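Notes for the one structure printed next.
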Amino acid sequence: MKKVTIHTDGGCRGNPGPGGWAATLDYGSHHREISGGAPATTNNRMELQAAIEALDTLKEPCEIEFYTDSEYLKNGMTAWLANWKRNGWKTKSRTPVKNEDLWRSLDSLSTKHTINWHWLKGHNGHAGNERCDFLANMEMSKIEKEFSPGELGKKLKEFAAGNS
């Protein structure tokens with residue numbers, strides 16, 4: 001199996017607000033960067049989207065060292081997911097799992113690989129995390145340039161209506 005190192009980050013300006021995600025993938029001497037965003041989303045959705053997009057780029061099963069500054073992502077994958085699935089996508093308190101659509105996608109993609117999930121403190125000088133943070137912020141800036149404040153406000157209202 002190929003050994004790949006992945007770093008991811010996601011964030012929002014406002015929560016919800018314009019969001020960006022990014023990932024770096026390293027395999028031997030190969031390095032790849034991917035990023036994207038959404039005009040109205042949450043930081044947790046962007047953290048999950050970064051992981052989904054990173055895993056989706058891999059074309060064969062890999063052994064992955066996966067680094068994230070999101071405890072939500074790391075804990076979801078290592079501590080909560082099995083129980084959510086067993087409980088019909090309900091939390092311990094029997095409420096629906098937030099971001100179930102993204103968790104299901106991530107679960108499906110992750111089963112193809114052997115993944116070691118690592119949490120690292122964000123904004124703490126870790127090169128992979130800092131690069132992903134930079135790329136995610138670039139995506140947020142692109143979105144803020146692409147949409148007027150009024151358009152962003154409308155997107156936020158649509159997002160809130162669909163996620164209440």
Side-chain angles (χ1 to χ4, degrees), residues 6-25 32-59 64 66-113 115 117-120 122-123 128-129 131-164:
I6 295 175
H7 289 86
T8 63
D9 196 24
C12 262
R13 294 195 180 144
N15 196 24
W21 61 265
T24 62
L25 298 93
R32 183 167 180 197
E33 297 179 352
I34 57 174
S35 60
T41 189
T42 65
N43 62 323
N44 283 339
R45 287 188 70 80
M46 291 292 91
E47 294 282 5
L48 294 170
Q49 194 66 50
I52 289 166
E53 299 290 342
L55 293 179
D56 196 43
T57 64
L58 301 173
K59 302 304 176 208
I64 301 167
F66 197 110
Y67 294 89
T68 177
D69 65 2
S70 169
E71 291 183 67
Y72 177 68
L73 171 59
K74 192 227 179 223
N75 290 338
M77 292 305 293
T78 61
W80 306 332
L81 187 64
N83 288 332
W84 291 340
K85 290 165 59 174
R86 189 171 32 257
N87 294 332
W89 291 95
K90 301 272 191 242
T91 65
K92 219 187 289 188
S93 59
R94 307 301 298 154
T95 59
V97 170
K98 288 184 179 172
N99 306 310
E100 178 185 340
D101 58 332
L102 298 178
W103 284 113
R104 283 180 181 265
S105 294
L106 185 54
D107 179 40
S108 175
L109 288 165
S110 68
T111 60
K112 302 171 187 168
H113 308 286
I115 305 175
W117 295 92
H118 305 277
W119 177 82
L120 52 88
H123 311 287
N129 179 254
R131 181 63 181 161
C132 289
D133 180 68
F134 174 81
L135 293 170
N137 274 287
M138 293 292 293
E139 292 294 339
M140 288 182 256
S141 295
K142 277 194 235 176
I143 289 167
E144 290 173 334
K145 287 180 181 143
E146 183 180 339
F147 295 92
S148 71
E151 291 170 321
L152 285 174
K154 183 179 178 198
K155 297 278 186 194
L156 275 174
K157 284 180 185 170
E158 291 168 359
F159 177 80
N163 288 285
S164 54

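We use all heavy atoms of the structure for the numbers below, so side chains are in, but hydrogens, waters and symmetry mates are not. Nothing here was measured: the structure is a model prediction, and the numbers come from that model.
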Subject >> Value rounded to 0.5 Å, distance of OH in Tyr67 from SG in Cys132 >> reply: 13.0 Å
Subject >> Non-neighbouring partners of Thr95 that pass side chain to side chain contact (heavy atoms under 4.5 Å, CB included), sequence neighbours left out >> reply: Thr91, Ser93
Subject >> Under the side chain to side chain contact (heavy atoms under 4.5 Å, CB included) test, residues paired with Asn129 that sit two or more places apart >> reply: Asp9, Asp69, Leu120, His126
Subject >> By ring-ring contact (aromatic ring centres under 6.0 Å, His included) - contacts of Trp89 (at least two apart) >> reply: none
**OP:** State the CG-OG distance between Leu48 and Ser70, to the nearest 0.5 angstrom.
**Re:** 7.0 Å
**OP:** Taking all non-hydrogen atoms of both residues into account, name the closest pair between Ala136 and Ala22 and its distance.
**Re:** N-CB, 3.8 Å
**OP:** With side chain to side chain contact (heavy atoms under 4.5 Å, CB included) as the test, would you mind laying out the steps for Leu106 and Leu81 before giving the verdict?
**Re:** CA-CA 10 Å; Leu106 185 54; Leu81 187 64; over 6 Å; no
Original post:
With sequence neighbours left out, which residue pairs that include part of residues 135-146 fulfil the salt bridge (charged side-chain N to carboxylate O under 4.0 Å, His left out) condition?
Top reply: Arg13-Glu144, Glu139-Lys142
Subject >> Backbone of Val97 reached by a side-chain donor or acceptor of Glu100 within 3.5 Å >> reply: no
**OP:** Please report the closest heavy-atom contact between Gly37 and Trp21, naming both atoms and the distance.
**Re:** N-NE1, 3.6 Å
**OP:** State which residues pass side chain to side chain contact (heavy atoms under 4.5 Å, CB included) with Phe134; sequence neighbours excluded, sorted by chain then number.
**Re:** Arg131, Met138
**OP:** Determine yes or no for a side-chain-to-main-chain donor-acceptor pair under 3.5 angstrom, with Ser108 supplying the side chain and Arg104 the backbone.
**Re:** no
Original post:
Which pair of non-hydrogen atoms, one from Ile143 and one from Pro39, has the smallest distance, and what is that distance?
Top reply: CG2-CA, 3.7 Å
**OP:** Measure the CG-OG1 distance between Leu135 and Thr8 for me, rounded to the nearest 0.5 Å.
**Re:** 12.0 Å
Subject >> Selection residues 70-93 - residue pairs positive for salt bridge (charged side-chain N to carboxylate O under 4.0 Å, His left out), sequence neighbours left out >> reply: Lys85-Asp107
Subject >> Qualifying side-chain hydrogen bond (donor to acceptor under 3.5 Å, both in side chains) pairs, either residue in residues 44-53, two or more places apart >> reply: Arg45-Asn99, Arg45-Asp101, Gln49-Glu53
Subject >> Contacts of type side-chain hydrogen bond (donor to acceptor under 3.5 Å, both in side chains), residue Glu158, not counting sequence neighbours >> reply: none
Original post:
Less than 4.5 Å apart, any side-chain heavy atom of Thr24 and any of Ile34?
Top reply: no
Original post:
Can you name the nearest heavy-atom pair linking Ala23 to Ala50, along with the distance?
Top reply: CB-O, 4.1 Å
Original post:
Quick one: side-chain hydrogen bond (donor to acceptor under 3.5 Å, both in side chains) partners of Trp103, sequence neighbours excluded?
Top reply: Tyr72
Subject >> Any Ile6 side-chain heavy atom under 4.5 Å of Thr68 side chain >> reply: no
Subject >> Residues which pass ring-ring contact (aromatic ring centres under 6.0 Å, His included) with Trp117, listed by chain and number, not counting sequence neighbours >> reply: Phe66
**OP:** Measure the spacing between NE2 of His7 and CG of Asp133 and express it to the nearest 0.5 Å.
**Re:** 13.0 Å
Subject >> For the student: nearest non-hydrogen atoms of Met77 and Ser110, plus distance >> reply: CE-OG, 3.4 Å
Original post:
Quick one: does Leu55's side chain get under 4.5 Å of Ile115's, heavy atoms only?
Top reply: yes
**OP:** Could you tell me which residues satisfy side-chain hydrogen bond (donor to acceptor under 3.5 Å, both in side chains) with Asn87, sequence neighbours excluded, listed by chain and number?
**Re:** none
Original post:
Within a strict 4.5 Å, meaning less than it, do heavy atoms of the Met46 and Asn43 side chains meet?
Top reply: no
**OP:** Could you tell me which residues satisfy side chain to side chain contact (heavy atoms under 4.5 Å, CB included) with Leu156, sequence neighbours excluded, listed by chain and number?
**Re:** Pro16, Ala40
